[in-house]
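Hydrogens, waters and symmetry mates are skipped; everything else that's a heavy atom, side chains included, is used.
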Amino acid sequence: MRCCSTPNGDFKRALGVQLIPYVLIVDGNGKIAYKHNGYTDGAENELIEKVRELLSK
Amino acid sequence: MNHVNKHYRTLLLAACIMLPAALPAQEAGESGDKKKVTVSGSVQSDVQIPTGHTEADKSNDDVRTNTYAEVNAMSKWVDAGVRFAYLEHPLPGYEADFKGWGVPFYYVKGKFNVAEVTLGTFYDQFGSGFIFRTYEERSLGIDNSILGARVALNPVKGVHIKALTGRQRRYWHHNKAWITGADMELNLDQWIKPLASSNTYVTLGASWVNKREKDSTDVIYADNTHILNLPTYVNACDVRAQVQHGPYSVLLEYARKGQDPSFDNGYTYGKGYVAMLSASYSKRGLSLLLQAKRSDNFSFRSRRSMSGTSSMLNHLPAFTEDHTYTLAALYPYATHPMGEWAYQAQFGYNFKRRTTLGGRYGMNVKVNFSHVHSLKTIPTAAGGLPDIAPGAPGTDGYTSKFWGWGNSTYYQDINAQIERRFSRSFKLSVTYMNQFYNKTIVEGEGGMIHSDIMIADALFNLGAKTTLRTELQYLATKDDDGDWLFALAELSLAPHWMLTVSDEYNSGKTGEHYPGAYVTYNVGAHRLQAGWARTKAGYNCSGGVCRYVPETKGVVISYNYNF
């Protein structure tokens with residue numbers, strides 16, 4: 001896979017992200033539907049719930 | 001592009017997850033509402049209220065804070081942004097001139113068909129950053145943007161050109177030197193069809209940076225009757241080639257710099273060099289990284305008399321692992337400004353689930369080796385001036401053979417980590433490390449510290465939304481302050497709450513405890529953390545750049561939000 005590292009954190013800066021990890025879910029219309037700042041164990045359940053909710057729309 | 005910095009790798013992962021969905025977004029935005037303005041921004045505030053004796057950290061401020069607020073507006077043709085920083089009573093351990101408040105960052109960017117023009121402050125990086133990298137790293141107090149103009153051109157497919165000029169920020173002022181630079185990158189696979197059709201990507205890059213710094217500001221004596229004739233112009237250039245084919249990737253990069261006598265190199269006139277080879281192989285479940293780098297007299301600042309973390313124009317990527325576990329990061333390596341040979345090898349393997357070694361849930365193994373060694377140098381004599389010692393200010397400093405090794409090991413780290421889930425409710429990760437840390441080289445004194453470190457990180461899923469994570473760490477050494485122990489327990493009540501308690505204890509010599517307790521509340525893009533901690537004096541590092549942090553004790557509040 002050829003992927004998408006942005007040298008010097010340009011992408012991170014454009015989104016105003018300060019803490020890593022940072023999770024975004026983008027819906028089919030290209031809108032940011034969910035943001036999660038930082039890391040909490042078990043927060044992945046919230047993530048999958050959100051994805052399911054968006055898929056059911 | 002950059003295999004080196006851990007932060008990038010983390011970000012890379014995050015970016016990969018979202019990009020396939022994000023690409024149509026851009027198209028929709030452009031073809032749809034052309035007048036639309038998107039506003040984004042962030043707020044970050046870290047507050048410390050010291051308790052007990054405050055003399056230890058040499059500060060009498062009752063409340064200290066590093067607070068930043070940033071807003072960016074983006075539209076089809078124009079972007080603009082501004083950042084406010086309040087650092088008038090900063091957290092302890094930053095350089096004296098860090099203190100202040102104001103608007104250190106502001107820009108307007110015009111976006112045209114093939115060009116992008118920025119006026120104001122900006123960050124940029126050429127290649128791996130050997131001759132130019134400006135960036136913001138708040139934990140280190142680094143924000144060395146350029147104030148001036150920048151142009152980025154994409155005249156034809158596969159050609160990227162950047163040019164910039166301006167002065168570099170040093171805390172609340174700008175250094176007098178003018179910095180000018182240009183960078184070009186060619187993606188050959190965009191023109192040579194057989195490359196693209198065989199899934200081969202070739203990128204060639206070249207860049208150049210010039211510093212114009214008048215010599216009148218510094219008067220350096222070589223002996224009683226001679227002052228140094230300091231160069232007004234310093235030039236540096238960089239060339240690189242990267243080839244990616246299927247799972248293989250190879251990056252070769254070389255940079256050199258002209259005479260640049262500075263505080264860092266003892267006001268010597270030798271030229272500077274960096275050479276790097278980085279090769280990686282990566283496929284599902286298996287990765288291998290091999291790297292070697294030789295840097296020689298390559299500290300490049302916008303002010304020759306500076307030391308410390310400010311005024312750096314370039315960045316030499318770290319070739320040692322940036323550890324996050326407390327005791328693993330107790331003796332962190334900082335890239336040596338004068339020169340070093342650095343090597344790194346990393347191997348990662350995933351044993352598939354439902355195999356003998358993988359067990360029911362699979363198992364990850366990671367091994368990392370890094371070694372940093374001194375260069376073999378011979379001091380150069382000052383021709384015709386017998387009073388000046390070889391290698392002293394005014395001479396060429398030293399000569400060194402490319403392949404030669406000096407007598408000192410600066411740092412070495414061999415570590416192995418095994419991560420395995422044993423059941424639905426239990427996951428364990430164990431790490432062993434063997435480190436050599438040359439304290440004399442990194443900190444100025446203290447000799448070689450050889451340590452063995454063992455870490456067990458266990459994750460217990462107690463319920464659908466309740467997780468307990470514990471860390472036990474032990475560092476054993478006969479040197480310095482002897483053995484250390486660290487324990488941590490972190491209870492997560494998803495999706496919002498996290499409770500953390502920890503203690504770092506020196507069992508070898510001082511018997512001191514450094515406890516901490518925190519509550520974290522997380523909702524969407526907001527994150528609030530509050531607690532109390534005593535932290536030991538030590539170095540805080542990121543990407544081979546380190547900042548000394550004195551001992552602190554007090555209430556800590558941290559708030560982070562972005563929109």
Correct closest heavy-atom pair for B:Arg527 and A:Asn37 would be CD-O, 4.0 Å
Checked B:Met74, B:Lys283, B:Arg138, B:Glu490 vs chain A; the most non-hydrogen pairs under 4.5 Å come from B:Arg138
When the 4.5 angstrom heavy-atom criterion is applied to B:Asn199 and chain A, the contacting part is neither
If one checks every heavy atom of B:Asn560 against chain A at 4.5 Å, the contacting part turns out to be both
Applying a strict 4.5 Å limit to non-hydrogen atoms, the region of B:Leu459 in contact with chain A is side chain
Residues B:Asn562 and A:Lys35: closest non-hydrogen pair is O-NZ, 3.8 Å
Crowded around B:Phe563 CZ? As in, over 12 foreign heavy atoms under 6.0 Å?
yes
In terms of heavy-atom contacts, B:Thr134 and A:Asn8 come closest through O-ND2, 2.8 Å
Separation between CD (A:Gln18) and CD (B:Glu70), nearest 0.5 Å, reads 6.5 Å
Closest non-hydrogen contact found for A:Ala14 with B:Ser40 is O-OG, 3.6 Å
In terms of heavy-atom contacts, A:His36 and B:Pro495 come closest through CE1-O, 4.3 Å
* Asked: Considering residues, nucleotides and ligands other than A:Lys50, do more than 12 of their heavy atoms fall under 6.0 Å from its NZ?
  -> yes
Interface check, chain A: of B:Asp124, B:Thr520, B:Leu491, B:Val523, most non-hydrogen pairs under 4.5 Å belong to B:Asp124
Applying a strict 4.5 Å limit to non-hydrogen atoms, the region of B:Tyr561 in contact with chain A is backbone
